[in-house]
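Below, chains carry the letters A, B, ... as their sequence lines are ordered, and counting in each starts from 1.
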Number of protein chains: 2
Amino acid sequence: MKPKNKNLTIDGIDKKILRTLMEDARIPILEIARNVDISGAAIHQRLRKLEKSGIISGSKFVINPKMLGYETVAFIGVYLDKAIQNPEAIKQLKKVPEVLECHYTTGNWNVLIKILCKDNADLMHLLNNEIQTISGVSRTETFISLDQQIDRQITI
Amino acid sequence: MKPKNKNLTIDGIDKKILRTLMEDARIPILEIARNVDISGAAIHQRLRKLEKSGIISGSKFVINPKMLGYETVAFIGVYLDKAIQNPEAIKQLKKVPEVLECHYTTGNWNVLIKILCKDNADLMHLLNNEIQTISGVSRTETFISLDQQIDRQITI
DNA sequence: CCTGAAAAACTCACGCG
DNA sequence: CGCGTGAGTTTTTCAGG
């Protein structure tokens, strides 16, 4: 019920550290230290605390898919015909590397997936040969992203 | 038309480097060097090349929103009533920090947004007081993510 | 792509308030 | 407890081959 704060306090310094690293994960800790005016060792201590608390779930290099020829993002609403075998369908979706997100959702569909593919021909191939062929998938509705205007993490 | 490869070749070593850093952006370069068996300096050279080419668009710390009390993800299809003022509506959406993604899409809606909020009450507040009040927004359809099963980047 | 040396950053144990 | 210091280790950077 309550937020998952197990006596976990994030003060202004923690926020500054996190905001900085959320922008650039490879910035030297000592550079952050100079900005927030505490020692590098103290930053390391706080980072260990934040990692242990689970607030930090990792770090990533972000690659630009367009440079690899992936130009098309689409959202696909998927209707499954037997709720009992949903987990199996998800398992199959995981095997399709172009499926970047998959959500069980309320509303019309059973799941909503986000896929990244090279072009419309690739999208059609994925739909016909990878998605529609999965056992349990009865119907799909596709929404192609023409342009992504916002892409960010939550503000802390 | 063609992929954006300006005489850009990514060999197996580049892929190994990228795959490693996509998993953990703060791993020491020298540790990668030991795995792929070339010198640290060579890895740095390749990374500079990859950054200059635009394949690497940055690095991020990933934070776990649940630990901050953000438990609810929802997708909202937004109908805009005057295409001419779409950019203004997008501008307003950018001001709502809970809006993490925003895509112009084909299909029923003009835009599809992904939002992250604390709970259903927060979601309702955002819909009524932040989204629906934006000039140009005529109607919305909300799909709550009950559970996210897949969340990843493209495979390289 | 490598070497090798200098600079910088990280780690760790200890002591302070 | 969280913070700082300083020594020792590791990584990053840079020049030259």
Q: Heavy-atom nearest nucleotide on DNA chain C for B:A42 versus A:R34: which residue maps closer to 5'?
A: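 Taking each residue's closest nucleotide, the earlier one in sequence belongs to B:A42.
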
Q: Rounded to the Å, how far apart are A:H44 NE2 and C:dT11 C1'?
A: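 Taking NE2 of A:H44 and C1' of C:dT11, I get 7 Å after rounding.
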
Q: Looking at B:I150 and B:R152, what are the two nearest heavy atoms and their distance?
A: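 Taking B:I150 first and B:R152 second, the nearest heavy atoms are CG2-NE, 3.7 Å.
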
Q: Taking atom C1' of D:dT11 as reference, at what distance in whole Å does atom CG of B:D24 sit?
A: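 Interatomic distance, CG of B:D24 to C1' of D:dT11: 15 Å.
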
Q: For A:F75 and B:H103, I'd like to know if the aromatic rings sit close, meaning centre-to-centre distance below 6.0 Å.
A: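 Judged by ring-centre distance (under 6.0 Å), A:F75 and B:H103 do meet the cut-off.
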
Q: When the distance from CG of A:L47 to P of C:dC12 is rounded to whole Å, what number comes out?
A: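 Nearest whole value for this atom pair: 14 Å.
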
Q: Please determine whether a side-chain nitrogen of the Lys or Arg among B:K16 and B:D11 lies less than 4.0 Å from a carboxylate oxygen of the Asp or Glu.
A: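 Answer for the salt bridge query: no.
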
Q: Identify whether any heavy atom of B:R26 sits under 4.0 Å from a base atom; if not, whether one sits that close to sugar-phosphate; answer base, sugar-phosphate or nothing.
A: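 Here B:R26 touches the backbone only, sparing every base.
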
Q: At under 4.0 Å between heavy atoms, what does A:A41 touch on the DNA or RNA strands: base, sugar-phosphate, or nothing?
A: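 Result for A:A41 = base.
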
Q: Nearest to the side chain of B:L30 - D:dG2, D:dT12, C:dA9?
A: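 Among the listed nucleotides, the one closest to the side chain of B:L30 is D:dT12.
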
Q: If you check the A:P28 side chain, which of D:dT5, C:dA9, C:dT3 turns out closest?
A: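 The closest nucleotide is C:dA9.
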
Q: Nearest whole angstrom, please: distance from the P of D:dC3 to the CD1 of A:I13.
A: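 Atom-to-atom, A:I13 to D:dC3, this comes out as 6 Å.
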
Q: Please pick, from D:dT12, D:dG4, C:dC10, the nucleotide with the shortest atom-to-atom distance to any side-chain atom of A:S39.
A: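 Closest nucleotide among those given: D:dG4.
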
Q: Is B:R48 touching bases, backbone alone, or none of the nucleic acid, heavy atoms closer than 4.0 Å?
A: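 The answer is nothing, as B:R48 stays clear of every strand by at least 4.0 Å.
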
Q: Could you state the atom-to-atom distance from CD1 of A:I32 to P of D:dC3 in whole Å?
A: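 Interatomic distance, CD1 of A:I32 to P of D:dC3: 14 Å.
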
Q: Counting the atoms with a prime plus P, OP1 and OP2 as sugar-phosphate, which does B:I38 contact under 4.0 Å by heavy atoms, base, sugar-phosphate, or nothing?
A: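 If one applies the 4.0 Å heavy-atom cut-off, B:I38 turns out to touch the sugar-phosphate alone, with no base involved.
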
Q: Could you check how far CD1 of A:I29 sits from C1' of D:dG4, rounded to whole Å?
A: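 These atoms are roughly 17 Å apart.
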
Q: What does B:Q45 touch in the nucleic acid at a heavy-atom separation under 4.0 angstrom: a base, only the sugar-phosphate, or nothing?
A: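 Counting heavy atoms under 4.0 Å across all strands, the contact made by B:Q45 includes a base.
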
Q: Atom CG in A:N128, atom OG1 in A:T140: separation rounded to 0.5 Å?
A: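 The OG1 atom of A:T140 is 8.5 Å from CG of A:N128, to the nearest 0.5 Å.
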
Q: To the nearest Å, how far apart are B:I43 CD1 and D:dT12 P?
A: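 Value for this atom pair: 10 Å.
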
Q: Could you pick out which residue, A:E31 or B:D11, lies toward the 5' side of DNA chain C when each is mapped onto its nearest nucleotide?
A: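 Here B:D11 is the residue nearer the 5' end.
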
Q: Can you see which heavy atom on B:A25 is nearest to which on A:F61, and at what distance?
A: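 The pair with the smallest heavy-atom distance is CB-CD1, 3.6 Å.
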
Q: Quickly work out the A:L21 CG to C:dA9 P distance and round it to whole Å.
A: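 That distance rounds to 14 Å.
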
